[in-house]
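This report concerns only the one structure given below.
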Amino acid sequence: AYACFYGAIGSMFPFLAVHYRRMGLDGAHVGVLIVLGPIGVALFAPLWGMLADRLHAHRAVLRASLLPAAAAVLLLLTSGTSFETLLPGMLAWAFFVSPSAALLDSYALAVAERDGVAFGRLRMFGTLGYIVSVSSVGAWMGDAVDGRFLYIYGCGLVLTALATLAFPPLHARTARLLARRDVVEALRQPALTALLATDR
């Protein structure tokens, strides 16, 4: 899941601004479209997280965010080339993709704690997926940066959603205890608390 998700990110974000500029958008419009992702994380990820906690259905909520996000990005390929036509699709994408990274991390942390596996061993696959994706997609497109990378991004999100089908179930009590302990540990570290409050 990590390899597919961060591989998808590596296939999109390094090339998105260049793609927008080649579509004829000015710098201000490119900036607005690019910043929607971080804004979506700040505004919507907590709401998705609360929903997942309340339903005790982190895997289902993760899938429910990934598949519409993939659809929203793929629809960008047919939504025109103006800022006005791209904005609704990017807003939908930002809403749906916002909790994905956090839900993956929280799930991996819970599994790592439960099974005695180092979190870094799991997260490493995301880094490897990103490196491979950036390198291969960049070499594939060369100077001709166009919307082809959006297909790869969408497919990466779909593969991530499929990978969640193999996730082992977590007992609801385990997830709650881990979340409570993480909050306590964060509050004991002022530097970490400040970082979390200002990240993205």
Side-chain angles (χ1 to χ4, degrees), residues 1-45 48 62-105 108 120-166 199-200:
Y2 266 133
C4 293
F5 181 72
Y6 285 99
I9 290 176
S11 72
M12 179 178 177
F13 284 94
F15 313 107
L16 193 57
V18 176
H19 177 56
Y20 285 149
R21 289 294 286 170
R22 292 197 170 185
M23 292 171 69
L25 299 180
D26 61 32
H29 287 159
V30 171
V32 170
L33 293 174
I34 293 294
V35 81
L36 289 177
I39 290 175
V41 170
L43 295 180
F44 304 125
W48 283 94
L62 180 56
R63 287 191 289 271
S65 71
L66 288 167
L67 295 176
V73 165
L74 293 175
L75 285 175
L76 292 176
L77 293 165
T78 61
S79 61
T81 59
S82 69
F83 175 75
E84 292 75 16
T85 58
L86 291 169
L87 184 60
M90 288 301 291
L91 284 170
W93 166 79
F95 172 75
F96 284 111
V97 82
S98 61
S100 302
L103 287 174
L104 272 174
D105 284 343
R121 289 182 59 187
L122 302 177
R123 181 60 180 80
M124 171 188 68
F125 289 97
T127 302
L128 294 175
Y130 185 90
I131 292 170
V132 170
S133 179
V134 169
S135 304
S136 58
V137 173
W140 173 53
M141 290 193 299
D143 293 333
V145 176
D146 53 32
R148 291 176 292 170
F149 65 88
L150 295 174
Y151 288 111
I152 300 172
Y153 178 81
C155 290
L157 294 189
V158 171
L159 290 174
T160 306
L162 291 175
T164 66
L165 295 173
D199 187 31
R200 299 188 184 187

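This chain uses plain numbering: 1 for the first residue, then up along the sequence.
Rounding to the nearest 0.5 angstrom, the gap separating the CG atom in Leu75 from the CG atom in Leu86 is 11.5 Å. Between the CZ atom in Phe44 and the OG atom in Ser65 there is a gap of 13.5 Å [rounded to 0.5 Å]. To the nearest 0.5 Å, atom CH2 of residue Trp140 and atom OG of residue Ser135 are 15.0 Å apart. Of the inter-residue distances, the one linking Ile39 atom CD1 with Phe95 atom CZ reads 15.0 Å to the nearest 0.5 angstrom. How far OG of Ser82 is from NE2 of His29: 9.5 Å, rounded to the nearest 0.5 Å. Once rounded to the nearest 0.5 Å, the distance linking CG of Leu76 with OG1 of Thr81 reads 12.0 Å.
In this structure, Leu33 and Leu25 have side chains that are in contact, with non-hydrogen atoms separated by less than 4.5 Å. A 4.5 Å side-chain heavy-atom check between Val32 and Met90 finds every atom pair outside the cut-off. With contacts defined as side-chain heavy-atom distances shorter than 4.5 Å, the pair Val134/Ser11 does not qualify.
Distance alone, capped at 3.5 Å, places no donor-acceptor pair between the Trp48 side chain and the Leu103 backbone.
In Phe125, the CZ atom is not crowded: 12 or fewer heavy atoms of neighbouring residues, nucleotides or ligands sit closer than 6.0 Å.
Aromatic ring orientation, Phe13 versus Tyr153: perpendicular (interplanar angle above 60°, classes split at 30° and 60°).
In this model, a donor atom of one side chain and an acceptor atom of the other lie less than 3.5 Å apart for Asp105 and Tyr2.
Heavy-atom minimum distance, Gly126 versus Tyr6: O-CB, 3.1 Å. Minimum heavy-atom separation, Leu122 to Ala108: CD1-O, 3.7 Å. Here the closest non-hydrogen pair linking Ser133 and Gly7 is OG-O, 2.5 Å. Contact detail for Leu77 and Gly147: the closest heavy-atom pair is CD2-O, 3.4 Å. Across every non-hydrogen atom of Arg21 and Val30, the tightest pair is CD-CG2, 3.8 Å. Contact between Leu104 and Ala1 at its shortest, heavy atoms only, is CD2-CB, 4.0 Å.
Scored by the salt bridge (Lys or Arg N to Asp or Glu O under 4.0 Å) test, Arg148 finds Asp146 as partners (sequence neighbours excluded).
Arg22 forms no cation-pi arrangement with Phe15, by the criterion of a distance under 6.0 Å to the ring centre and an angle within 45° of the ring axis.
Each of Thr160, Leu162, Val158, Leu159 was compared with Leu66 under the side chain to side chain contact (heavy atoms under 4.5 Å, CB included) criterion, and only Thr160 meets it.
With ring centers used as reference points, Phe149 lies under 6.0 Å from His19.
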